[in-house]
Every structure is written in C-alpha cells, then in structure tokens.
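Along the sequence shown, the residues carry numbers beginning at 1. Counting convention: from 1, in listed order, for ligands and their atoms alike.
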Amino acid sequence: MKRALVCGAGGFIGSHLVKRLKRESFWVRGVDIKYPRFAETEADDFIKGDLRDFSTCCDAVDCRFDEIYQLAADMGGAGYIFTGENDADVMHNSAQINLNILEACRRRNSKRIFYSSSACIYPEHIQRDPDNPGLAEPDAYPAAPDSEYGWEKLFSERLYGAYARNHGFTVRVARYHNIFGPEGAWNDGREKAPAALCRKVAEVKDGGEIEVWGDGEQTRSFLYIDECLEGSIRLMRSGCTDVLNIGSDEMVSINKLVALIAGVAEKKVRIRHIPGPLGVRGRNSDNRLIQEKLDWRPNAPLVRGVERTYGWIAEQVAILRQRGASAA
Ligand code: NAD
C-alpha cells in the first residue's frame, strides 16, 4: 500500500487532499496544529502537533512515504496577510515549518516532497494593470513580491530547490492562484474573497447591499479545489522539476465575481465600496508551462465552483442563524 504524508491536513486544501488520496487507496498520515474544522479527517493517522517543533516533524516522518505534501503555513486572505499586522508571525512560522520539515525528511531519507507556493511571489509592479495578461513562471525574477507572505514563499521555493540540488531530494513546487471551495475558511478573518463574498451574499436579503473592499475593479482568477488537487497530484507524479502555476486563467473583477455569486444565489445585490486591504490590482495565471509540462491545465468554468461553494456557505449561514434563533 502506498503511503502519503500531508502536512497542513487540518486546513482547507490539506483536508481535501487527504480525502482525494484516500480515494486512491493510499495510507495517509495527516499533521496539523488543529483538526479540520468542518468534517472529521479521513486520514488513517493524524498527528495533532506543531510543525515549528523539530521533534514533531521527526515524528511525522518516522516511516517511509511515497509522497509528502507540505501545505502547512501561517496564512489567510487579504484581511490577514496584507494588513502588515501579522508579518512577523507569517514569515517566522512558515519558514520554520519548511526548514524543519526538509531537515526531518533529510535525516529520515524520505525525499519525495511537494511544496505549495503561491502567486503572491510575483512582483507587484507587473500586477498594476487590471487587464493582466497572465503571470508566467519566469516573471518571478527579479523578485519584488508585495507582501511578506510572498517573500517567505519565495525563500521557501529556493530552500526546496537547494535541498534538491544538495541533498538529492525530488522536489515539486506549485504556485497556487486563489484556491476556493467548500470547507474553507469563510467567517473567521482568514477567509479569501470568494468565501467572504459568498457569505455576504448569503447573509443579505434580496435587493440588499454588501460591502466590497476597494472599487471592485481589481482582478483575479480563482481555481476550484478539485482542479487544484488534480494539478498538484499530476505535478507530484510527473518528472517535471520546474516550478508551475496551478491556477485558472478565467480572470474576473471582484465586481464581476459578486454578480456571478448573486446570479447563483438568485438575488439582486447592490455593492457599497469601502476602503480595505486589497493586494495587487490585477492577477491572472499563465498556463502555458503547465500545459507543456503536464499536458493538462485547469479548464472548469468559474461558475461551476461558485455554485458548489455558495451552496455550502449558504448552508453554514443558515445553520448559524438557526443556532442563534434557538439560543435567543
Ligand atoms: P489553510 O490555512 O487552510 O491550511 C494551512 C494549515 O497549516 C492550517 O490547517 C494550519 O493549522 C496549518 N498550520 C499552520 N501552522 C502550523 C504549525 N505550526 N504546525 C502545524 N500546522 C500548522 O490554508 P490552505 O488554503 O489550505 O493552504 C494550503 C497551502 O497552500 C498553504 O501553504 C498556502 O500558503 C498555500 N496556498 C494557498 C492558496 C489558497 O488560495 N488557498 C493560494 C496560494 C498558496
């Protein structure tokens, strides 16, 4: 039986990855500082521990693994990573996890590892136009990310590369672009735009008003969780040593995303633009390299993922309302 280790298995992408690997009949160990928030983990073994502690990392890698996925990070949406308030934690915690995991893997001779980097590593100055043609992988250099989160990701990409060169690791690195779907953060301050906007639309009455940070003309592309997992697994099992974007190239403005969600919810929604943390002005994924290297690229329409995500968040909102009503 094949064995996989998922670091960050209590998080959004990690918990979905565990389910996917279980469907493929892997024996899966998850590690995280917390259990998944919305469903029981499906991992065969789950270590609840802090990966900033080297001993936890050594315990996690105490047997042979065919695949190791390192997804653990101190992260969140714009309200968490772009305010500046969490910069020291974000850099220290995530760098420490990556340093520890790689060293534990080296000592245990478990050397096939996937690392989830981010579109946030791309330079700010090539993302000022909302009509972004797409960020291609070589655009990463000369480096100038707009957040400390991005700088840590870039440092860690290079750290994984160095372990590949100097210690014989087989390393696969993906730059994720805005992954979304059910069972992700939606109301705890770490939620990203699709979940936050689904929540606002679910909470408002038909004809009501929701708040959007900035003028809403900033653009992004959003990738549904299933395609993120498909791309990650394909990359992991490929011979590709290049760092690859894993993202959608269906770019939309935030105003358009609201309209899409409102359409799915069958509500009329007005937008009030307010100041807030924004990140870059325009971002899109260039998918030529992933197509060339993996003979595959994400291609599901955004609306399909929005339907599933809105359905799940509307359910969460209804459950909370019901609880509030019965407590009153
Ligand atoms: P998430 O926050 O849901 O998951 C990260 C997990 O890491 C959390 O469960 C958290 O508890 C765990 N973690 C943090 N510190 C830890 C510690 N010290 N010890 C053990 N576990 C710890 O985030 P996600 O959306 O699932 O993202 C997974 C990975 O993908 C992260 O590395 C993230 O930076 C990267 N990424 C995500 C996106 C996205 O849109 N979701 C985009 C780009 C990159």
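- Within ligand 1, the atoms closer than 4.0 Å to a non-hydrogen atom of Ser117 are 43 (C), 44 (C), numbered from 1 in the order shown.
- Annotation for ligand 1: atoms under 4.0 Å from non-hydrogen atoms of Asn178 are 40 (O).
- In the vicinity of Ser116, heavy-atom distances shorter than 4.0 Å reach the ligand 1 atoms 29 (C), 30 (O), 31 (C), 32 (O), 35 (C).
- For ligand 1, the atoms lying closer than 4.0 Å to a non-hydrogen atom of Ala72 are 7 (O).
- Using modelled atom types and a 3.5 Å distance limit, the side chains of Tyr176 and Ser232 yield a donor-acceptor pair.
- At least one donor-acceptor pair closer than 3.5 Å links the side chain of Arg270 to the backbone N or O of Gly207.
- The distance between the ring centers of Tyr160 and Phe169 does not fall below 6.0 angstrom.
- Close approach of ligand 1 to Lys153 (heavy-atom distance below 4.0 Å) involves ligand atoms 31 (C), 32 (O), 33 (C), 34 (O).
- Using a distance-only test at 3.5 Å, with no hydrogens or angles considered, a donor-acceptor pair links the side chain of Asp32 to the main chain of Lys34.
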Quick one, Arg190 with Asp188, criterion salt bridge (charged side-chain N to carboxylate O under 4.0 Å, His left out). Give me CA distance, side-chain angles, the key distance, then yes/no. CA-CA 6 Å; Arg190 291 191 183 230; Asp188 65 354; 5.4 Å; no
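- Atom numbering of ligand 1 starts at 1 in the shown order; those under 4.0 Å from a heavy atom of Gly10 are 9 (O).
- Those atoms of ligand 1 with a heavy atom of Asp50 less than 4.0 angstrom away are 17 (C), 18 (N), 19 (N).
- Between Arg237 and Asp66 there is no salt bridge, since no side-chain nitrogen of the basic residue lies less than 4.0 Å from a carboxylate oxygen of the acidic one.
- Each of the following atoms of ligand 1 lies closer than 4.0 Å to a heavy atom of Ile97: 15 (N), 16 (C), 17 (C), 18 (N).
- In this structure, Asn93 contributes its side chain and Met75 its backbone to no donor-acceptor pair below 3.5 Å.
- Around atom 9 (O) of ligand 1, the closest heavy atom drawn from Val6, Asp32, Asn98 belongs to Asp32.
- Contacts between Gln96 and ligand 1, counted as non-hydrogen atom pairs separated by less than 4.0 Å, are absent for every part of the residue.
- Salt bridge present: Glu183 and Lys19 bring a charged side-chain N and a carboxylate O closer than 4.0 Å.
- Counting protein heavy atoms only, atom 21 (N) of ligand 1 is closest to Ile33 N, 3.2 Å.
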